[in-house]
Amino acid sequence: ILNVEQSPQSLHVQEGDSTNFTCSFPSSNFYALHWYRWETAKSPEALFVMTLNGDEKKKGRISATLNTKEGYSYLYIKGSQPEDSATYLCAFRGSGTYKYIFGTGTRLKVLA
Amino acid sequence: DSGVTQTPKHLITATGQRVTLRCSPRSGDLSVYWYQQSLDQGLQFLIQYYNGEERAKGNILERFSAQQFPDLHSELNLSSLELGDSALYFCASSVGTGAYEQYFGPGTRLTVT
């Protein structure tokens, strides 16, 4: 059974703090890893699609790195703002399949 | 607005009934994915279609079926509904079957009473 784990489950940070969280996935047969931002009462919004080992992607204050050999990806948020409050989800896809396995998410609350 | 539409937004029905959820992908997207979000579970992949053909099946029950039509819209049919089928059902679309961004619709909230 393939497992995708995210940590921490939730965290509270102060406005202006930088933070990061982890997505762990199977290190063999990697195809792609997706990161999503999911605000309450809305639908998941795509942040990054990562495919290559060592990939680093950035969108504004949010960036992500990928290590397929050891099976993890980090999402970083620099200078957190209250509007960054959301659940951050990762989804793993192995090679030879079209199926996606989602982690349970990291719930971020940024306090003003 | 992702460009993906789902109808209806909310659906309340009784156990044993059958419902159809509808999804229209973003213009130009050929792939459609269906996901289920239950109260106590994360997002679960149900099924994927690409240009009218089924490409992958996830944890989809036999009571559930889906199809993608020539105009690329998709329908998810849920039959013999049980209380445990109450969930938020999302549809997402992408341009193809590779590692492309998926755009999620607003979801359909199904309540089975």
Side-chain angles (χ1 to χ4, degrees), chain A residues 1-10 21 23-25 29-53 55 57-59 62 64 66 68 73 86-107, chain B residues 1-7 9-10 21 23-26 29-51 53-60 66 68 87-109:
Chain A
I1 295 177
L2 298 176
N3 217 19
V4 176
E5 294 182 356
Q6 291 189 247
S7 61
Q9 210 169 0
S10 68
F21 13 98
C23 172
S24 301
F25 50 84
N29 300 320
F30 175 87
Y31 182 77
L33 187 87
H34 295 235
W35 278 102
Y36 295 91
R37 180 171 176 275
W38 193 359
E39 289 182 71
T40 304
K42 294 190 177 179
S43 47
E45 174 195 342
L47 285 174
F48 304 113
V49 180
M50 310 188 80
T51 56
L52 298 174
N53 185 42
D55 241 358
K57 297 217 171 174
K58 190 173 178 186
K59 196 180 271 191
I62 305 178
L66 180 69
T68 60
S73 175
T87 295
Y88 292 83
L89 280 179
C90 66
F92 166 82
R93 177 176 158 183
S95 59
T97 178
Y98 296 100
K99 299 181 190 179
Y100 283 87
I101 303 169
F102 283 77
T104 50
T106 291
R107 191 175 304 153
Chain B
D1 183 359
S2 67
V4 178
T5 60
Q6 286 187 251
T7 55
K9 257 187 153 171
H10 302 276
L21 313 184
C23 166
S24 292
R26 281 188 335 153
D29 284 358
L30 298 178
S31 264
V32 168
Y33 305 79
W34 285 98
Y35 297 97
Q36 180 192 54
Q37 166 87 44
S38 302
L39 264 177
D40 55 349
Q41 288 192 0
L43 267 178
Q44 300 287 317
F45 167 76
L46 294 178
I47 198 164
Q48 184 211 355
Y49 280 84
Y50 174 74
N51 205 20
E53 289 187 12
E54 181 187 304
R55 281 299 172 100
K57 258 184 175 172
N59 301 325
I60 187 165
Q68 187 180 25
L88 192 48
Y89 291 85
F90 284 109
C91 158
S93 74
S94 67
V95 293
T97 59
Y100 299 105
E101 283 189 350
Q102 291 185 25
Y103 297 87
F104 278 72
T108 292
R109 166 81 59 192

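Every chain is numbered from 1 and lettered A, B, ... according to where its sequence line falls, protein lines coming before strand lines. These numbers were taken from a predicted model, which means no experiment stands behind them.
At a 4.5 Å heavy-atom cutoff, the contact between A/K42 and chain B is made by backbone atoms alone. Heavy atoms of B/T97 lying under 4.5 Å from chain A belong to its backbone as well as its side chain. A/L89 touches chain B through its side chain: at least one heavy atom from C-beta onward sits under 4.5 Å away, while N, CA, C and O do not. For B/Q37, the part lying under 4.5 angstrom from a heavy atom of chain A is the side chain only.
Closest of all the heavy-atom pairs between B/Y33 and A/Y100 is CE2-CE1, 3.9 Å. Closest approach of A/S43 and B/P106 over heavy atoms only: OG-CA, 4.1 Å. Closest approach of B/A99 to A/T51, counting heavy atoms only: CB-CG2, 3.5 Å. Contact between B/K57 and A/K99 at its shortest, heavy atoms only, is O-CE, 2.6 Å.
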> Does the side-chain contact (heavy atoms from CB on, under 4.5 Å) test come out yes or no for B/Y35 and A/F102, once each step is laid out?
Replying inline: CA-CA 10 Å; B/Y35 297 97; A/F102 283 77; 3.2 Å; yes

>> Assess the residue pair A/Y36 and B/Q102 against the criterion (side-chain contact (heavy atoms from CB on, under 4.5 Å)); give the C-alpha distance rounded to whole Å, side-chain angles, the decisive distance to 0.1 Å, and a yes or no.
In response: CA-CA 9 Å; A/Y36 295 91; B/Q102 291 185 25; 3.4 Å; yes

> Which is it for B/L43 and A/W38 under the side-chain contact (heavy atoms from CB on, under 4.5 Å) test, yes or no, and what are the steps along the way?
Replying inline: CA-CA 11 Å; B/L43 267 178; A/W38 193 359; 4.0 Å; yes

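B/R55 contributes atom CZ, which lies 12.0 Å from atom OG1 of A/T97 (distance to the nearest 0.5 angstrom).
When each of A/G105, A/A41, A/P44 is scored by its heavy-atom pairs under 4.5 Å with chain B, the top score falls to A/P44.
Under a cut-off of 6.0 angstrom, the local environment of CD in A/Q9 is sparse, with at most 12 non-hydrogen atoms contributed by other residues, nucleotides or ligands. Counting non-hydrogen atoms of other residues, nucleotides and ligands closer than 6.0 Å to CZ of A/R107 gives a total of 12 or fewer.
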